[in-house]
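Written out below as structure tokens is the structure these notes cover.
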Protein chains: 2
Amino acid sequence: MSSEDFLLTNFNAAQLRSNCATCSLRELCLPVGLNDQEIQILGKVVSQQKKIRRGGYLYRASTNFQALYAVKRGSLKTCILEEDGRQQITGFHMTGDLLGLDAISNESHICDAIALENSELCEIPFSKLEEISRIIPTFMHHFHKIMSREIVRDHSLMLLLGGMKAEERLASFLLNISSRLAIRGYSESSFNLRMTREEIGSYLGLKLETVSRAFSKLQSEAIISVNYKHIEIHDLERLKLKMGNASCTT
Amino acid sequence: MSSEDFLLTNFNAAQLRSNCATCSLRELCLPVGLNDQEIQILGKVVSQQKKIRRGGYLYRASTNFQALYAVKRGSLKTCILEEDGRQQITGFHMTGDLLGLDAISNESHICDAIALENSELCEIPFSKLEEISRIIPTFMHHFHKIMSREIVRDHSLMLLLGGMKAEERLASFLLNISSRLAIRGYSESSFNLRMTREEIGSYLGLKLETVSRAFSKLQSEAIISVNYKHIEIHDLERLKLKMGNASCTT
DNA sequence: CGCCTTTTTGATAGCCGTCAAATTTCGTGG
DNA sequence: CCACGAAATTTGACGGCTATCAAAAAGGCG
């Protein structure tokens, strides 16, 4: 049986649980732009939800790379930690986001992926993803776009880390979270952060005290309200002015 | 004629000039890991050398994306510039490096690519690259690894920008250049930089004066010698100690 | 050969990191 | 359900690193 036949054959009922066709994240996740038949094919290689409790690891650096993961529910952080103890968070990931793209190059993970809250993930074996790519050109092209988008996202963060001041970085961060929540149908102006000040600082290249001070500053200017992890954005326009500019896509 | 037939058919002699099979960069560039026949196929879609004079643009931000480029000779920088004038160099590219991966996501370039010296580039139409990917699974996998490596490279830079001090950043930068030159068969300890202090600063998130001071500091410690653009590394080990650590791959 | 760019070095100011302590929240176990 | 302890957050004071402004010297391109 060729791999193509394999992909076109139905699995048994038990394995059909995670069905991309009926998933509420169709429009955010890997299936974007595929037609119904193509989504069927994709759905067959996506395995059942993997549950990770808050603080648990989805994968660890230096472990073998086998699959990409899509966030079905919850949120995660990915972080690199250096031998000398230096650590940096490279991204916060919410529903529909794809994790593990950095592991393709060495066939082993280079960062840890840790759940910020109890989460569920869909597992996509990478070899199967490449098989589908050969069968469905649309899918291959879309996957290339997703990888490219990750590069663009990283470049935005490099711009932030390379040139912005603390307050600009935080404004940029809040606008990024806000727009991503909006895309997912949540409020863009009222939300709870899932990460600590220290994690935000690690992501933005700042110390946690500086992050806290920047929050206080924005609050004192009546642009936002901060109550521990709960954020209210009162003036989106003025918040945008806080960063000279900067892409808040993704 | 199907696209596959098209790829397997010979072009006329005039278009065969840039032949991957006989290129000295075979082991550094896209053909890595391909067999002879596969390299033949690739060679047929890679068009003749494109020459860019020092200071000239290979492509500009917001222009239409059609092709990836491989550096055949010379070197380039890629930089994003924001509406408010903020600018950041996202990478320096030498022979064998692939440019344009960030443009796939939007089908338009998001950065400028400018030659640091007179350079030659090979052009690979992206649609053709995806066609080859369908025909040669090895090639598709290799291409995915290249994109992933770009993400890993960006994460290294994020780590640098997020946490390192000026001297650590410069040490990291010099070691990166050194190792890349070594891979290409040049001296790892004696070389000429192609970029200005300002460009190095833009890449490292520092002002040009700070870069200059960091050079002077390393020289005063007898770790390197600096004579304008000419650098001699006297003590590679101590230079490595200067950055607490950090990946200097790529 | 001459002008313009690049580089170096100095002085000063401002932002952020560091250390410290108080307050609140959250998780765990009784 | 409540209570306790650990973790997270906020705020203040101070110091260090880097940006900024300025000027001189060296190099490179036409």
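Throughout, a chain's letter reflects where its sequence line sits, starting with A, and its residues are numbered from 1. Remember, predicted model here, so these are calculated numbers, not experimental data.
Of the residues B:Arg180, B:Arg73, B:Lys77, B:Arg149, the one that meets the salt bridge (Lys or Arg N to Asp or Glu O under 4.0 Å) test with B:Asp97 is B:Arg180. Put simply, the residue from B:Arg194, B:Arg54, B:Arg53 that forms a salt bridge (Lys or Arg N to Asp or Glu O under 4.0 Å) with B:Glu117 is B:Arg194.
Base contact: B:Ser212 has a heavy atom under 4.0 Å from a base atom. Residue contacts for A:Val226: at a heavy-atom cut-off of 4.0 Å it reaches the sugar-phosphate backbone alone, with no base atom in range. Residue A:Leu208 is classed as a base contact, given a heavy-atom separation below 4.0 Å to a base.
As a whole-Å value, the separation of B:Leu116 CG from D:dC29 P is 13 Å. Residue B:Phe215 contributes atom CZ, which lies 16 Å from atom C1' of C:dT9 at whole-angstrom precision. Across the protein-nucleic acid pair, B:Leu193 atom CG and D:dG27 atom C1' stand 15 Å apart, rounded to whole Å. For the pair B:His230 NE2 and C:dT7 P, the interatomic distance rounds to 15 Å; values are reported in whole Å. Straight-line distance from the CG atom of B:Leu206 to the C1' atom of D:dA19: 10 Å, rounded to whole Å. A:Arg194 has its CZ atom 16 Å from the P atom of D:dA8, to the nearest Å. Taking atom NZ on A:Lys165 and atom P on D:dA19, their separation rounds to 9 Å, with Å as the unit. Atom NZ of A:Lys217 and atom C1' of C:dC15 are 11 Å apart (whole Å).
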### Residue pair B:Glu120, B:Lys51: steps toward the salt bridge (Lys or Arg N to Asp or Glu O under 4.0 Å) verdict
CA-CA 4 Å; B:Glu120 284 179 29; B:Lys51 289 180 164 55; 3.5 Å; yes

#### Entry: side-chain contact (heavy atoms from CB on, under 4.5 Å) assessment of A:Leu116 paired with A:Leu76
CA-CA 5 Å; A:Leu116 293 171; A:Leu76 300 91; 5.6 Å; no

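For the OP1/OP2 pair of C:dT6 and a distance below 4.0 Å, the side-chain nitrogens and oxygens of B:Thr196 include no atom meeting the criterion. Distances shown here put every side-chain N or O of A:Thr210 at or beyond 4.0 Å from the OP1 or OP2 atom of C:dC16. For the OP1/OP2 pair of C:dT9 and a distance below 4.0 Å, the side-chain nitrogens and oxygens of B:Ser216 include at least one atom meeting the criterion. B:Lys229 has no side-chain polar atom (N or O) that falls below the 4.0 Å cut-off from OP1 or OP2 of D:dG28.
When the nearest nucleotides of DNA chain C are assigned to A:Asn227 and A:Ala166 by heavy-atom distance, the more 5′-ward of the two goes with A:Ala166. Checking B:Gly205 against A:Val211, the closest nucleotide of DNA chain D that is more toward the 5' end is the one next to A:Val211.
Of the candidate nucleotides C:dT8, D:dA8, C:dG17, C:dG17 has the atom nearest to the side chain of A:Lys207. The side chain of A:Arg54 lies closest to C:dG27 when the candidates are C:dG27, D:dT9, C:dT8.
Sorted by first then second residue, the ring pair (Phe, Tyr, Trp, His ring centres under 6.0 Å) pairs that include residues 55-81 of chain B, not counting sequence neighbours, are B:Tyr59-B:His109, B:Phe65-B:His109, B:Phe65-B:Phe126.
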Could you pull out the protein-nucleic contacts involving nucleotides 20-24 of chain C (nitrogen or oxygen on both sides, under 3.5 Å)?
unit_1 : atom_1 : unit_2   : atom_2 : d
C:dT24 : O4'    : A:Tyr228 : OH     : 3.2
C:dT24 : O3'    : A:Tyr228 : OH     : 3.4

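Using modelled atom types, one finds a donor on one side chain and an acceptor on the other under 3.5 Å when comparing A:Ser190 with A:Glu232.
Both tests pass for A:Arg197 against the ring of A:Phe215: distance under 6.0 Å to the centre and angle within 45° of the axis.
A:Lys229 has its side chain within reach of A:Thr196: a pair of non-hydrogen atoms, C-beta onward, lies under 4.5 Å apart.
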